Amino acid sequence: MAKLNLFEVAQEQLDQCAKIIGLDPDTHAILRVPLRELSVSLPIRMDDGSIKVFKGFRIQYNDARGPTKGGIRYHPDETIDTVRALASWMTWKCALLDLPLGGAKGGVICNPKEMSQAELERLSRAYIRAIYQFVGPDKDIPAPDVYTNPQIMAWMMDEYSKITGKNQFGVITGKPLSVGGSAGRGDATGLGGVVTIREAAKEYGIDLKKATVAVQGYGNAGYYAAKLAKSLLGCKVVAVSDSEGGIFSKEGLDGDAVSEHKAKTGSVINFPNTKAISNEDLLELKVDILIPAALENVITEKNASKINAKIVAELANGPTTPEADDILYKNGVHVIPDFLCNAGGVVASYFEMVQNFYMYFWDEKAIHERLDKKMTFAYHSVLNTSKKYNINMRQAAYVIAVERVVEAMKLRGWV
Ligand code: NAD
């Protein structure tokens, strides 16, 4: 089967929305493609003395509502179309959460697992040198995504500060605390997702204290979602996985112990007293809540009818294809769509930006309360819109977000 093109998926989702809201063809044409794309080649001196040329991208999809914002992904399978799709979803995400920001995304085709820390530092600094004229605290503000982390954000912020000749903490978010990072950023994506699950469970009468959870992808988003689903909601996490495979325990997993095991061995697999499970089988487990928190296109028309969960909380970007969406909707599975479910990260990133501008920092409690309020409000706006128009949650999220972006474009005289 040909690999699904993520950008075509994103465009099809937008096309569905355009039909629902009767979007005029000119505005639709503008919104179907990114406003700006930058492709760069990054020659890096490797530890063995050779030079390797990496390909990088930064795509600013739409900035009608403000400076663009979006993470940087390091991945061997990264493509420009994946970055385009992710940049479009950042645009809709920021609009849905009513943040004064547009959407962007960046990526470098590389395999960080095969690179030393020194090579990663040289690559991260080279990436910023290549794109620095296009980013900035009032232009475009990157953040972490798959296989990038606070240390990488610190190197990037430092490189940008050196080039511009002043400390510019606000150029990037997801930084470590001691260099302008925000309290509550680490677990923000997981927390935001858990807030939407809490609200969905109220709506669907699910007793969370008796609910079971499976999480695909045990990285930043998935680890915290599993941890907080247990500690805040009282759920039992029965399965988790990573790129190597998954583990299952009917009695429930100790998230921190699994995390320590992954830190030691490089994977969650072979955790004591658990059953091995494949990533495919994990998705089809009979659980109350399924959290895809790894990569895109994992729920497709092939396996959608085998999804047994009541709620699918999409912490990953783009885990469900449009065909699968239809099947899940028909089968009564409540999908909390990606750019709603995983918006906690960008909300906390926005708080980090605000604190960097102010040079004054809030405590974790303030961040969590503000994040909870924004996520709860956004969840119910999407739910009410889906009921009002009799459309699925993803289409409802698109309706709200696209209408906000279009309003800004009209007010600015773009259309
Ligand atoms: P991460 O790099 O911290 O973790 C990714 C995890 O997925 C790792 O455990 C990895 O082993 C696992 N993985 C990779 N390939 C896999 C596969 N084929 N099957 C199963 N697991 C696999 O990344 P992250 O930041 O947690 O991001 C995960 C997803 O969440 C991505 O789609 C990302 O775009 C989305 N997201 C993350 C944030 C954030 O703040 N971290 C915010 C919004 C959305």
Side-chain angles (χ1 to χ4, degrees), residues 3 6 10 69-78 82-83 85-90 92-94 96-97 103 105-107 110-113 142-153 173-175 181-182 184-193 196 214-227 239-247 255 258-259 261-263 265-269 277-283 290-299 313-320 336-352 371 375:
K3 206 165 179 255
L6 207 60
K69 179 113 196 66
I72 299 165
R73 190 179 272 198
Y74 284 179
H75 201 279
D77 300 332
E78 192 67 304
T82 307
V83 184
L86 294 165
S88 78
W89 289 325
M90 282 309 297
W92 314 134
K93 193 189 300 189
C94 291
L96 178 63
L97 272 291
K105 203 79 185 191
C110 66
N111 189 350
K113 288 183 185 171
D145 195 80
V146 174
Y147 298 154
T148 53
N149 55 33
Q151 173 61 75
I152 291 175
M153 298 303 110
T173 58
K175 301 180 295 292
S182 173
R185 175 63 182 86
D187 62 1
T189 303
L191 176 61
T196 62
V215 183
Q216 184 188 55
Y218 209 58
N220 174 288
Y223 161 69
Y224 282 114
K227 185 181 166 88
V240 302
S241 69
D242 59 26
S243 56
E244 307 292 315
I247 51 172
V258 173
S259 182
H261 174 81
K262 183 171 164 70
T265 66
S267 173
V268 299
I269 59 169
I277 183 172
S278 70
N279 265 297
E280 292 73 31
D281 289 345
L282 179 143
L283 294 172
L290 172 66
I291 308 182
L295 293 175
E296 50 275 357
N297 292 335
V298 291
I299 305 179
E314 295 183 338
L315 269 193
N317 280 304
T320 309
I336 308 173
D338 48 9
F339 69 82
L340 166 62
C341 189
N342 67 31
V346 76
V347 170
S349 269
Y350 164 65
F351 293 157
E352 184 174 330
L371 189 136
M375 293 299 299

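A quick note: this is a predicted structure, and the numbers were derived from the prediction, not measured. Atoms within each ligand, like the ligands themselves, are counted from 1 in listed order. When a residue number appears, it is its place in the shown sequence, counting from 1.
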Interfacing atoms of ligand 1 (cut-off 4.0 Å, heavy-atom, [X]):
| X | value |
| --- | --- |
| Ala293 | 28 (C), 29 (C) |
| Tyr218 | 9 (O) |
| Asn279 | 19 (N), 20 (C) |
| Ala294 | 7 (O), 13 (N), 20 (C), 21 (N), 22 (C), 28 (C), 29 (C), 31 (C), 32 (O) |
| Gly217 | 7 (O), 21 (N) |
| Leu295 | 15 (N) |
| Arg73 | 31 (C), 32 (O), 33 (C), 34 (O) |
| Lys262 | 9 (O), 11 (O) |

Tell me whether [X] has any N or O atom under 3.5 angstrom from an N or O of ligand 1.
| X | result |
| --- | --- |
| Gln216 | no |
| Leu86 | no |
| Ser243 | yes |
| Asn342 | no |
| Tyr147 | yes |

Closest approach of Val215 to Ala226 (non-hydrogen atoms, all atoms of both residues):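 Closest approach of Val215 to Ala226: CG2-CB, 4.0 Å.
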Exercise: identify the closest heavy-atom pair between Lys69 and Ala143: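 Closest heavy-atom pair between Lys69 and Ala143: NZ-CB, 3.7 Å.
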I'd like to check [X] versus [Y] (side-chain heavy atoms, cut-off strictly below 4.5 Å). Are they in contact?
| X | Y | result |
| --- | --- | --- |
| Ile299 | Glu314 | no |
| Glu78 | Val83 | yes |
| Val346 | Thr173 | no |
| Pro144 | Asn149 | no |
| Ile247 | Tyr218 | no |
| Lys105 | Asn317 | yes |

Checking a contact table here: which protein heavy atom is nearest [atom], and how many Å away?
| atom | value |
| --- | --- |
| atom 33 (C) of ligand 1 | Asp145 OD1, 3.6 Å |
| atom 21 (N) of ligand 1 | Asp242 C, 3.2 Å |
| atom 23 (O) of ligand 1 | Val146 CA, 3.6 Å |
| atom 26 (O) of ligand 1 | Ala221 N, 2.8 Å |
| atom 30 (O) of ligand 1 | Leu315 O, 3.3 Å |
| atom 41 (N) of ligand 1 | Asn220 OD1, 3.4 Å |

Full working for salt bridge (charged side-chain N to carboxylate O under 4.0 Å, His left out) between Lys227 and Asp187: CA-CA 9 Å; Lys227 185 181 166 88; Asp187 62 1; over 6 Å; no
Verify, without hydrogens or angle tests, whether [X] (side chain) and [Y] (backbone) share a donor-acceptor contact under 3.5 angstrom.
| X | Y | value |
| --- | --- | --- |
| Glu352 | Gly174 | yes |
| Gln216 | Ala316 | no |
| Ser278 | Asp281 | yes |

Ligand 1-proximal atoms of Arg185, by part, heavy-atom distance under 4.0 Å: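 Arg185 to ligand 1: side-chain contact only, backbone stays beyond 4.0 Å.
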Per-residue contact class, Val298 against ligand 1 - non-hydrogen pairs under 4.0 Å: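 None of Val298 does.
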Heavy-atom proximity to atom 8 (C) of ligand 1, best of Gly219, Gly318, Gly174: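 Among Gly219, Gly318, Gly174, the closest heavy atom to atom 8 (C) of ligand 1 comes from Gly219.
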Option with minimal heavy-atom separation from atom 40 (O) of ligand 1, where the choices are Val346, Asn149, Thr189: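 Among Val346, Asn149, Thr189, the closest heavy atom to atom 40 (O) of ligand 1 belongs to Thr189.
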Sub-4.0 Å protein heavy atom next to atom 18 (N) of ligand 1: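 Under the 4.0 Å cut-off, atom 18 (N) of ligand 1 has no protein heavy-atom neighbours at all.
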Modelled atom types, side-chain donor and acceptor of Thr148 and Arg73, under 3.5 Å: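 Absent: no donor and acceptor within the cut-off.
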Asn342 and Thr189: side chain donor to acceptor below 3.5 Å: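 No, no side-chain donor-acceptor contact under 3.5 Å.
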